There are 2 protein chains.
Amino acid sequence: MTKNKREDILEAALILFAERGFDGTTVPMIAEKAKVGAGTIYRYFENKEFLVNSLFQTTVQQFSNTLKQDFPYTTTDIREQFRHVFYRMIEFANNHVHALQFIDSHSNTYNLDDKSNQMFEEFLDFFRQLLEDGKKQGIISPLPSDALISIVYGAFSHLFKIIRLGVIEETPSLLEGVEQSCWNAIRVY
Amino acid sequence: MTKNKREDILEAALILFAERGFDGTTVPMIAEKAKVGAGTIYRYFENKEFLVNSLFQTTVQQFSNTLKQDFPYTTTDIREQFRHVFYRMIEFANNHVHALQFIDSHSNTYNLDDKSNQMFEEFLDFFRQLLEDGKKQGIISPLPSDALISIVYGAFSHLFKIIRLGVIEETPSLLEGVEQSCWNAIRVY
DNA sequence: GTCAATGGAATGAATATTCATTCCGGAACC
DNA sequence: GGTTCCGGAATGAATATTCATTCCATTGAC
């Protein structure tokens with residue numbers, strides 16, 4: 001028995017929301033997986049919506065922290081910064097198998113409240129900053145930063161979706177190749 | 001009043017499933033949007049699951065047809081074939097605003113039956129073929145085709161997601177730039 | 001008038017949420 | 001130390017609501 005039931009509930013909810021979506025997940029399902037009574041969930045979260053939002057916010061925060069950890073702020077080498085971010089994303093995807101899927105399938109949905117959406121925006125700002133710096137240096141494509149983010153993030157999340165599904169195997173050389181591909185997509189020639 | 005209620009139901013369902021997902025959409029919601037009685041839906045579809053699957057299959061078929069229309073099968077110029085496919089995808093995204101979103105959010109979910117999944121696989125085969133041809137010519141990156149598909153398709157669908165959300169504006173020069181970026185991501189240097 | 005098509009109320013199953021009750025750790029008392 | 005109380009945490013059965021599906025009276029085409 002874990003001492004922290006709140007954590008148990010969040011962990012169970014993360015897996016279920018990631019796999020089945022918000023509406024496809026019932027509160028009793030979460031309770032069962034978390035090994036708590038259904039009523040217990042309401043001791044920790046006002047209702048199901050507060051639960052997703054709380055979960056979304058902490059998950060985005062975790063993701064954000066992972067990217068920023070040891071980020072080479074001092075260098076002006078955009079290529080190096082990009083590689084850092086990309087490999088941190090990989091690390092996050094591997095260490096929190098369901099978190100990426102959860103964020104992906106729930107961002108910008110009608111279930112989320114303003115705060116959740118705002119936190120996700122702030123998370124994106126980190127990418128925007130990196131890209132803007134690169135553009136100033138003439139290294140990154142002059143396309144809108146949000147478009148470039150879509151390309152890299154869209155590619156990345158779709159890739160991990162098929163890895164999760166077992167379509168392709170995650171190997172160091174695959175990841176290296178994909179990282180280079182993504183860089184090629186956004187760099188200037 | 002349209003003569004074809006079946007079409008009305010499918011169209012209403014497409015929009016709702018795209019915006020709210022399968023589990024977030026209720027049958028009465030579909031009935032209301034299609035301006036038919038809830039019971040009428042059951043005259044055309046055995047149940048809600050048959051409805052999504054039927055819709056998914058026709059939508060994927062439409063998408064597939066769009067890509068193949070006027071496809072330059074005779075040329076060996078992979079670059080030209082890629083551009084064709086990419087611009088057809090754009091055309092489809094614009095002419096069927098909710099279709100892309102629907103396919104994206106429902107492919108590989110537990111709501112779909114084997115036939116739906118199989119049709120989606122066959123749809124992907126078209127991309128696989130194109131990429132394999134390019135690899136033989138030494139023009140396309142030797143990464144697994146499914147990874148390359150993820151990169152291009154993931155980037156594309158994410159891009160249209162933010163266009164839909166109004167984050168960026170869809171202009172010819174944006175699309176041109178993104179097409180080039182995606183090509184840069186998968187080509188060999 | 002016949003009969004298939006239709007709409008939407010009715011039904012029963014599932015679901016989110018509530019709440020009366022149980023459980024448990026530790027304080028207070030002997 | 002042992003025993004009794006107490007307060008808050010936890011529970012899951014009960015309730016209220018929502019949903020997919022069915023049913024049937026009405027409509028309208030022929």
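Keep in mind it's a predicted model, so treat the numbers as computed, not measured. The sequence lines fix the lettering, A, B, ..., with proteins before strands; numbering per chain opens at 1.
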Asker: In whole angstrom, give the distance that lies between atom CG of B:Asn111 and atom C1' of D:dA20.
Answerer: 14 Å
Asker: Quick one: which of D:dT11, C:dA16, C:dG7 gets closest to the side chain of A:Lys48?
Answerer: C:dA16
Asker: Between C:dC3 atom P and B:Arg43 atom CZ, what is the distance in whole Å?
Answerer: 16 Å
Asker: Could you state the atom-to-atom distance from CE of A:Met29 to P of C:dT15 in whole Å?
Answerer: 6 Å
Asker: Quick one: which of D:dT21, C:dG7, C:dT17 gets closest to the side chain of B:Tyr42?
Answerer: D:dT21
Asker: Heavy atoms from C-beta onward define the side chain here; which of D:dA10, C:dG8, D:dA20 lies closest to that of B:Pro28?
Answerer: D:dA20
Asker: Output yes when B:Asp70 and B:Arg88 qualify as a salt bridge under the 4.0 Å nitrogen-oxygen rule, no when they do not.
Answerer: yes
Asker: Whole-Å distance between C:dT6 C1' and B:Asn4 CG?
Answerer: 15 Å
Asker: Using only side-chain N and O atoms of B:Lys35, determine if any of them is under 4.0 Å from OP1 or OP2 of C:dG7.
Answerer: no
Asker: If you only use heavy atoms from C-beta on, which nucleotide in D:dA20, D:dA10, C:dT17 is closest to the side chain of A:Val27?
Answerer: C:dT17
Asker: Measure from OH on B:Tyr44 to C1' on D:dA20 and round the result to the nearest Å.
Answerer: 19 Å
Asker: Write down the distance between CZ (B:Phe50) and P (D:dA20), rounded to a whole number of angstrom.
Answerer: 16 Å
Asker: Mind listing the closest non-hydrogen atom pair of B:Leu143 and A:Ser181 along with its distance?
Answerer: CD1-OG, 3.7 Å
Asker: Whole angstroms only, please: what is the CG-C1' distance between A:Asp23 and C:dT15?
Answerer: 12 Å
Asker: Over 60° means perpendicular and under 30° means parallel, so tell me whether B:Phe71 and B:Tyr73 are parallel, tilted or perpendicular.
Answerer: perpendicular
Asker: With respect to the side chain of B:Thr40, which nucleotide from C:dT6, D:dT21, D:dT11 is positioned closest?
Answerer: C:dT6
Asker: Establish, from distance only, whether the side-chain atoms of A:Gln129 and A:Asp125 form a donor-acceptor pair under 3.5 Å.
Answerer: no
Asker: How close or far is atom P of D:dT22 from atom CD1 of B:Ile41, stated in whole angstroms?
Answerer: 13 Å
Asker: What contact category does B:Thr26 fall into here, base, sugar-phosphate, or nothing, at under 4.0 angstrom with non-hydrogen atoms?
Answerer: sugar-phosphate
Asker: Parallel, tilted or perpendicular: which one describes the rings of A:Phe92 and A:Phe63, with boundaries at 30° and 60°?
Answerer: parallel
